[in-house]
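Remarks on the structure that follows.
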Amino acid sequence: MHLLRKLGFYLVALWAAVTLNFFIPRLLPGSPVDAVLAKLALRGPVDPGTRRAIEVMLGADTEKPLPQEYFEYLGGLLTGDLGVSVTYFPTPVVEVVGQSLPWTLVLVGLATAFTFVLGMVLGTVVGWRRGTWLDSLIPATTILQAVPYFWLALLFIYVLSVNLGMFPISGGYDFTLVRPAFDYPFLSNAIYHGFLPALTIVLSSLGGWLLGMRNMMVSTLSEDYILTAEAKGLSPRRVMLMYAARNAMLPSVSGFAISLGFVVSGSIVVETVFSYPGVGFTMLQAVQNNDYSLMQGMFLIITVSVLAANLVVDLLYGVIDPRTRARG
């Protein structure tokens, strides 16, 4: 029953998000139809009847009542039809999302997971050995966290790419050397291009995880059950990992799940600076071109990922901390 209540809540939240996803782009100034007509006009004269045809194709039919458009939009979601992209006309939105999503999931997803694990490990050790030289790691990492994403990214580009020539300035891979394929030449080239964006994400977010885990460790070490475990003669490593760290990391697990949910949307700045072909860069292009269908597709991916991450953390929290199941 507890699980059904949670699923019901998230389904209602998903419906509300999908509804907002439909109406908000239509409140923006400009029209995707005008954007397509402007592109066609560059090739020559445009027939007057072309506007009507494009309106129907893009789902921006001004003669159709808004409620009818809304229900047709919901029906399209159920069948996987997200419309046609104006920015990448005439490519369907599903294909555009399918091409950009893997880049973001690999880059930001792996960078976020690596940062979380590294922050938990360092935070556990620093909190366990509080008052030693290890505490100097905290100001060093928090300073980097205070630096804006885009400034740190631009600094890396200027120093490591422009001056030293160690890494490429932009792109996800060198299209003149390799083609997308699951082989060593392409994967190594993609890793080479993604190193600086990943480094930016890791360095700018490591301080938060480390500081949070360190403070929770210090607080947890003052609990009675830690004193009891030490009085039983358990090894310091066992006390640190199984008693202190396991309880201290509970708030961080929630934050990590939410961070994973925002992996898709949290990459806009980094991907824009590096012109990385992920969801963030694609969504920026959609906003600049008034691409309703592509914006809705990207926002839908973000919404689903955030809701799914929150659902997972709700379920995972019950596994890590059985007391939450008792209260549920």
Side-chain angles (χ1 to χ4, degrees), residues 2-3 5-6 9-10 108-149 152 199-263 265-266 305-328:
H2 177 61
L3 178 60
R5 285 200 304 269
K6 284 187 177 296
F9 169 79
Y10 283 106
V108 189
L110 291 180
T112 301
F114 175 77
T115 307
F116 172 75
V117 174
L118 183 61
M120 292 299 98
V121 172
L122 293 178
T124 298
V125 176
V126 173
W128 181 258
R129 298 184 180 275
R130 59 198 180 281
T132 66
W133 66 270
L134 291 173
D135 280 337
S136 61
L137 292 175
I138 297 175
T141 55
T142 51
I143 289 175
L144 290 174
Q145 187 181 19
V147 176
Y149 266 31
L152 190 61
L199 182 63
T200 303
I201 296 171
V202 170
L203 292 182
S204 60
S205 56
L206 177 62
W209 296 119
L210 193 158
L211 180 61
M213 186 61 181
R214 186 263 182 194
N215 291 341
M216 287 303 301
M217 278 290 292
V218 172
S219 176
T220 302
L221 290 174
S222 63
E223 297 290 340
D224 292 337
Y225 59 84
I226 299 296
L227 181 61
T228 303
E230 292 175 340
K232 289 181 178 180
L234 299 178
S235 65
R237 181 178 180 182
R238 181 177 176 84
V239 174
M240 179 181 70
L241 297 178
M242 301 305 298
Y243 288 82
R246 181 178 179 181
N247 290 279
M249 71 182 300
L250 289 177
S252 297
V253 171
S254 300
F256 174 63
I258 295 174
S259 297
L260 287 181
F262 282 99
V263 158
S265 61
S305 62
V306 172
L307 290 176
N310 279 273
L311 177 59
V312 169
V313 76
D314 273 348
L315 301 177
L316 185 60
Y317 217 97
V319 175
I320 298 176
D321 187 1
R323 293 172 297 180
T324 58
R325 293 200 302 266
R327 288 197 297 268

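The minimum heavy-atom distance linking A244 with L221 is given by the pair CB-CD2, 3.8 Å. Listed here is the closest heavy atom pair of I201 and A111: CG2-CB, 4.0 Å. Between S204 and L152, the shortest heavy-atom distance links the atoms CB-CD2, 4.1 Å. Smallest separation of non-hydrogen atoms from R246 and M242: CB-O, 3.6 Å. Nearest heavy atoms, L307 versus Y10: O-CE2, 3.8 Å.
Side-chain contact check for M249 versus M213: some heavy-atom pair is nearer than 4.5 Å. No side-chain heavy atom of Y243 sits less than 4.5 Å from a side-chain heavy atom of T220. Residues T124 and M240 are in side-chain contact: their nearest non-hydrogen atoms beyond the backbone lie under 4.5 Å apart. The shortest distance between side-chain heavy atoms of V117 and W209 does not fall below 4.5 Å. Looking only at side-chain heavy atoms (C-beta outward), S205 and F116 stay at 4.5 Å or farther from each other.
In this structure, the separation between CE on M120 and CE on M217 is 11.0 Å, given to the nearest 0.5 Å. Atom OG1 of T115 and atom CG of L203 lie 8.0 Å apart (nearest 0.5 Å). Here I138 contributes atom CD1 and L122 contributes atom CG; the two are 10.5 Å apart, rounded to the nearest 0.5 Å.
F9 pairs by the side-chain contact (heavy atoms from CB on, under 4.5 Å) definition with nothing, not counting sequence neighbours.
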